[in-house]
Amino acid sequence: MSAPDSPAPIDPSPADERRALVERDAAFVRRAREGDTTAFDELVKAYMRQAFQVAYRVVGHREDAEDLVQDCFIAAYQYLDSFDESRPFGPWITRIVLNRGANLRRSRARRATEPETDVVSSAPSALDEATRAEARQKLDEVMATLNERQRVIVTLFDVDGLTSAEIGERLELAPGTVRWHLHEARRVLRTALQRFFEDDA
Amino acid sequence: MTLHLTRGRMPPDEPRRDPRLGTLLRELVGDMPMNDVNWDSLASRIGAAIRARQTPWWSYMERWQRRALPLALAAGTLGAAVLVHSWITHPEALTSVPDMVSAVVAGAPPEDAATTFSHTITSAAVYATDLLE
């Protein structure tokens with residue numbers, strides 16, 4: 001008689017993963033509230049990349065983004081008592097980053113106007129350099145008219161390649177809400193850049 | 001840890017990427033410099049900043065030290081003044097306890113010592129009432 005087949009491993013559902021994440025975060029938070037800073041270190045390690053992604057898209061400068069992330073984790077530690085343990089820690093820290101980043105952005109002139117990294121464009125475009133520069137300037141102006149959330153969403157989606165679900169997870173928004181913000185942001189941007197895109201076409 | 005709710009699949013209602021807009025945006029905001037960040041160093045900095053802001057238990061003593069010392073000094077002076085005043089006005093209220101102990105040790109009956117002790121307590125209570133009035 002042959003041995004019974006071992007059951008196929010069950011892939012945990014997103015709801016199960018979320019629950020496990022919430023329980024793990026809650027345990028770290030409880031320990032941190034009791035003064036165990038190593039537990040908070042674990043939360044920092046788990047969420048600093050996610051916080052940095054949003055921070056960088058808000059302030060647009062690597063060092064500023066690092067400082068912002070540090071500042072936000074310190075604030076999170078100070079206000080840890082107000083954290084709702086029934087929710088994951090990630091969106092909470094992201095919300096702090098968004099709020100503080102928006103304040104920072106408003107109060108401080110942007111340190112660098114040029115992006116830090118070399119940009120390699122993979123999309124075909126017939127725009128000459130002068131037109132591209134003009135389009136970038138127009139885009140910069142219009143981006144400034146978007147609200148913080150829409151600006152971050154359209155950048156995370158169209159530049160960083162995150163899905164609406166991944167963005168929603170970071171910002172604690174439903175994917176449908178993310179898609180709506182994305183649609184609105186793109187509508188404003190495309191309208192403003194229509195002339196350049198027509199030239200491109 | 002990152003949740004990948006889509007598990008590598010693009011949901012059917014996911015908007016398509018816009019390469020033209022994406023390229024212009026990338027030129028404007030730059031790529032995400034994830035590889036340029038020293039994550040260990042950043043985590044250490046955050047941890048160190050948090051530990052530096054933690055309040056050690058002795059800091060409460062240090063914080064109260066300036067206020068507590070003059071208060072203790074004032075309380076001590078007041079107590080000494082009251083003691084001297086009572087010594088002058090009600091010397092019988094301050095029959096010293098060491099005298100009672102000596103009496104018991106010297107062989108006085110415990111009943112006598114108890115009577116003396118109760119007399120001392122009564123005198124002290126009367127004195128305290130006088131002070132309050």
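As the structure is a prediction and not an experimental result, all values here were calculated from the model. Reminder, nothing fancy here: chain letters follow the sequence lines and each chain counts from 1.
- Salt bridge Glu172(A)/Arg87(A): present, at least one basic N to carboxylate O contact under 4.0 Å.
- If you measure heavy-atom distances from Leu139(A) to chain B, the contacts under 4.5 Å come from both the backbone and the side chain.
- No hydrogens or angles considered: a donor-acceptor pair under 3.5 Å links the side chains of Tyr47(A) and Asp25(A).
- Identified under the salt bridge (charged side-chain N to carboxylate O under 4.0 Å, His left out) test for residues 68-83 of chain B, with sequence neighbours left out: none.
- Between Asp40(B) and Arg45(B) there is no salt bridge, since no side-chain nitrogen of the basic residue lies less than 4.0 Å from a carboxylate oxygen of the acidic one.
- Using a 4.5 Å cut-off between heavy atoms, Leu43(A) does not touch chain B at all.
- Of the two parts of Tyr77(A), only the side chain, counted from C-beta on, holds a non-hydrogen atom closer than 4.5 Å to a non-hydrogen atom of chain B.
- No more than 12 heavy atoms of other residues, nucleotides or ligands lie within 6.0 Å of CG in Asn35(B), so this atom counts as exposed by the packing criterion.
- Between chain B and the residues Val178(A), Leu162(A), Leu193(A), the most heavy-atom pairs under 4.5 angstrom are made by Leu162(A).
- Interface remark: Gln78(A) contributes side-chain atoms only to the contact with chain B (heavy atom separation under 4.5 Å).
- Between the side chain of Gln137(A) and the backbone N or O of Glu134(A), no donor-acceptor pair lies under 3.5 Å.
- A salt bridge links Glu85(A) with Arg33(A): the distance from a Lys NZ or Arg NE/NH1/NH2 to an Asp or Glu carboxylate oxygen falls below 4.0 Å.
- Near-neighbour residues of residues 68-75 of chain A relative to chain B, defined by a heavy atom under 4.5 Å from a heavy atom of that chain, comprise Val69(A), Gln70(A), Phe73(A), Ile74(A).
- Both the backbone and the side chain of Val154(A) have a heavy atom closer than 4.5 Å to some heavy atom of chain B.
- Both the backbone and the side chain of Arg49(A) have a heavy atom closer than 4.5 Å to some heavy atom of chain B.
- A donor-acceptor contact under 3.5 angstrom links the side chains of Ser164(A) and Arg179(A), judged on distance only.
- Side-chain polar atoms of Thr94(A) and Arg170(A) form no donor-acceptor pair below 3.5 angstrom.
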